[in-house]
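Single-structure report; data block below.
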Amino acid sequence: MEQRCTFWLPRKNRFCANSRLKDSLFCGNHNSRFEGQWIPCPLDPSHSVLKQNMEGHVKRCPMLKQVQSLSLQPFYRKGINAGHEDEETLRFRDSISPKPFKVPLDNVSSEMKRDIVHNMSVLEFSNLVGKIESVYESFSKDIQDSYRIPEACSRWIKCAVEERKLPFQEKHVMQQASILGNLEIFGVLKSSLGRKPFECEEEEDGVPAVIEFGAGRGYLTQMLADCYGIKRVFLVERKSYKLKADRSLRQNEDLMLERLRIDIEDLDLNAVESLEGVPFLAIGKHLCGAATDLALRCCFPEQNDQYEAKKNFGGLAIATCCHHLCQWKHYTNKKYFLDLGITKDQFHAITWFTSWAVDANHGSELSDNADCASNLLSIDGENGDQHASGVGKILTDMKPSERAALGFKCKRIIDMGRLLWLSKRGLNTLLVRYVPSTISPENYLLIAKPHTRM
């Protein structure tokens with residue numbers, strides 16, 4: 001014990017178990033880092049490196065060989081779906097943001113977002129909250145509950161339970177079934193077992209494909225393939241997983257399964273040879289933060305400064321989550337926020353607010369009726385010039401329910417921007433609550449299909 005790191009881990013209620021560094025009380029992870037600037041490794045942001053050592057580190061980082069291997073794949077194109085920092089910003093810079101234009105950052109950390117909020121004046125903060133309330137009120141009544149468990153999935157679930165072959169928790173099963181049920185009622189999937197999900201008159205063999213973005217272990221695709229007779233499956237995931245559904249899927253001799261080990265940001269669908277000319281359905285369950293925006297761009301690649309759908313695009317269903325990880329550079333519909341008079345910094349403030357929505361107690365349905373702006377309206381106009389201390393006190397005094405409601409509304413505004421972005425690409429779109437918040441607080445689903453599909 002005397003040779004172990006003395007850094008206390010409050011969540012685990014114990015000291016770090018790693019060995020100390022020589023002449024230090026801490027391990028390498030917890031040794032003092034006050035000297036020098038530590039920055040995330042460009043190959044693997046999960047660890048940091050001293051800035052002055054970066055050039056040598058990237059040549060011997062354990063992730064180097066893996067990154068090189070992934071980059072040699074024919075469908076790898078660095079940053080093809082990343083978006084651009086100044087995509088819409090430059091056009092609106094002078095009219096909206098009088099402050100000097102800052103050097104663009106690919107990744108704005110949570111601490112930086114927090115600083116943006118705390119550096120606002122009380123008046124700026126109050127105006128932003130009021131705008132959030134107004135924008136959310138303009139579309140909130142159009143969002144409906146749509147909890148759907150289709151017959152095909154019900155039969156699958158019953159058999160899986162009876163045979164004790166259900167490899168994941170019931171809450172995940174209900175989410176997956178409802179995603180497929182919403183696709184069915186929206187007209188993308190056919191209701192009968194074994195029927196083809198959607199048909200394309202231009203395709204000779206009529207065999208559709210499914211692309212699951214952020215597939216993880218692939219259980220959403222497994223249910224879809226088993227219940228709806230999918231013939232081609234593409235699982236997009238940058239990590240490798242054990243205990244995945246691949247083994248079960250590969251036992252189906254009529255199914256072609258292909259895992260694309262790649263970040264969605266770097267995936268060029270046009271270069272996936274086995275997908276060429278095949279109509280596809282894009283799905284994703286809990287695509288964290290910017291991953292949703294990357295997936296949307298992947299389905300609608302940028303060509304000549306315009307985003308156009310692939311001709312064989314058949315539909316889309318993405319359950320969004322982790323909006324606090326969204327980034328301005330990656331976000332699809334910057335114009336939506338800029339037209340509302342919301343700047344890039346305010347967008348990052350809104351993403352920071354979203355973390356409050358899932359901090360709430362979800363033992364019962366989360367209410368979005370709390371008026372977060374009501375407590376701000378009584379602020380004396382003389383306080384408008386106050387800065388961090390004033391905003392900090394407001395945040396401290398806000399009730400947990402008010403904070404949760406504000407975060408909830410911010411999440412929906414971000415999703416609505418994505419929905420409008422899809423609508424402008426000639427699609428029928430819908431945003432629904434696909435499961436109760438008691439099953440998952442991340443319970444909203446983006447659905448889209450071409451206008452021609454009925």
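Because the structure is a prediction, the values reported are computed rather than measured.
Side chain to side chain, Thr320 and Thr292 fail the donor-acceptor criterion of an N or O pair below 3.5 Å. For the residue pair Lys113/Thr351, the side-chain donor-acceptor check at 3.5 Å is satisfied. For the 3.5 Å distance criterion, the side chains of His330 and Asp293 fail to qualify, holding no donor opposite an acceptor. Inspection of the Lys411 and His324 side chains reveals no N or O donor paired with an N or O acceptor under 3.5 Å. Side-chain contact annotation: Ser437 with Asn443, donor-acceptor N/O pair under 3.5 Å absent.
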#### Entry: Leu395/Val117 under side chain to side chain contact (heavy atoms under 4.5 Å, CB included): CA gap, chis, key distance, verdict
CA-CA 10 Å; Leu395 298 180; Val117 175; 4.1 Å; yes
### Task
Decide yes or no on side chain to side chain contact (heavy atoms under 4.5 Å, CB included) for Arg77 and Asp266, but give the supporting numbers first.
CA-CA 5 Å; Arg77 186 175 169 188; Asp266 306 320; over 6 Å; no
### Task
Output, in order, the C-alpha distance, side-chain angles, deciding distance and verdict of side chain to side chain contact (heavy atoms under 4.5 Å, CB included) for Tyr136 and Met416.
CA-CA 9 Å; Tyr136 176 76; Met416 182 53 61; over 6 Å; no
### Query
Which is it for Lys231 and Met256 under the side chain to side chain contact (heavy atoms under 4.5 Å, CB included) test, yes or no, and what are the steps along the way?
CA-CA 6 Å; Lys231 300 301 181 182; Met256 187 211 77; over 6 Å; no
### CA sep, side-chain torsions, deciding dist, call: Glu237, Arg259, salt bridge (charged side-chain N to carboxylate O under 4.0 Å, His left out)
CA-CA 8 Å; Glu237 177 58 61; Arg259 264 196 182 265; 5.9 Å; no
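More than 12 heavy atoms of other residues, nucleotides or ligands sit less than 6.0 Å from atom CZ of Arg261. Other residues, nucleotides and ligands contribute over 12 non-hydrogen atoms within 6.0 Å of the CD atom of Glu258.
The aromatic ring centres of Phe280 and Phe313 sit less than 6.0 Å apart. Checked against a 6.0 Å centroid threshold, the rings of Tyr331 and Phe337 count as neighbours. Between Trp356 and Phe353, the distance from one ring center to the other falls under 6.0 angstrom. Aromatic ring centroids of Tyr444 and Phe408 lie under 6.0 Å apart.
The main-chain N or O of Gln175 is never found under 3.5 Å from a side-chain atom of Ser178 such that the two would form a donor-acceptor pair. Panel note: side chain Lys131, backbone Ile342; no donor-acceptor pair is recorded below 3.5 Å. Distance alone, capped at 3.5 Å, places no donor-acceptor pair between the Arg155 side chain and the Glu151 backbone. Under a 3.5 Å cut-off, the side chain of Asn333 and the backbone N or O of Leu420 do not form any donor-acceptor pair. Judged by distance alone, the side chain of Ser134 and the main-chain N or O of Gly130 form no donor-acceptor pair under 3.5 Å. At distances below 3.5 Å, at least one donor-acceptor pair connects side-chain atoms of Gln346 with backbone N or O atoms of Thr343. Side chain of Glu124 to backbone of Ser121: a donor-acceptor contact under 3.5 angstrom is found. Judged by distance alone, the side chain of Glu442 and the main-chain N or O of Cys322 form a donor-acceptor pair under 3.5 Å. A donor-acceptor pair under 3.5 Å is absent between the side-chain atoms of Glu265 and the main chain of Ile262, judged by distance alone.
Between Glu402 and Met398, the shortest heavy-atom distance links the atoms OE1-CA, 3.7 Å. Of all the heavy atoms in Ala317 and Leu445, the pair that sits closest is C-CD1, 4.1 Å. Taking each heavy atom of Ala448 and Leu427 in turn, the nearest pair found is CB-CD1, 3.9 Å. Scanning all heavy atoms of the two residues, the minimum distance from Gly83 to Lys329 falls at O-CE, 3.6 Å. Scanning all heavy atoms of the two residues, the minimum distance from Asn18 to Cys27 falls at CB-CB, 3.7 Å. Taking each heavy atom of Cys298 and Asn81 in turn, the nearest pair found is CA-OD1, 3.4 Å.
How far CG of Leu340 is from CD1 of Ile413: 8.0 Å, rounded to the nearest 0.5 Å. With values rounded to the nearest 0.5 angstrom, Arg418 atom CZ is found 14.0 Å from Thr429 atom OG1. With values rounded to the nearest 0.5 angstrom, Asp246 atom CG is found 11.0 Å from Arg217 atom CZ. Here the straight-line distance linking atom CG of Asn312 with atom SG of Cys299 works out to 10.0 Å at 0.5 Å rounding. The NZ atom of Lys59 sits 12.5 Å away from the CG atom of Leu43 when rounded to the nearest 0.5 Å. To the nearest 0.5 angstrom, Ile80 atom CD1 is 11.5 Å from Leu294 atom CG.
With Phe213 as the partner, the side-chain contact (heavy atoms from CB on, under 4.5 Å) test is satisfied by one option alone out of Leu267, Ile283, Leu296, Leu316: Leu267. Partner of Cys153 under the side-chain contact (heavy atoms from CB on, under 4.5 Å) criterion, chosen from Val173, Ile179, Leu180, Asp226: Leu180.
Salt-bridge formation is not detected for the pair Arg148/Glu184: no Lys NZ or Arg NE/NH1/NH2 atom is positioned less than 4.0 Å from an Asp or Glu carboxylate oxygen.
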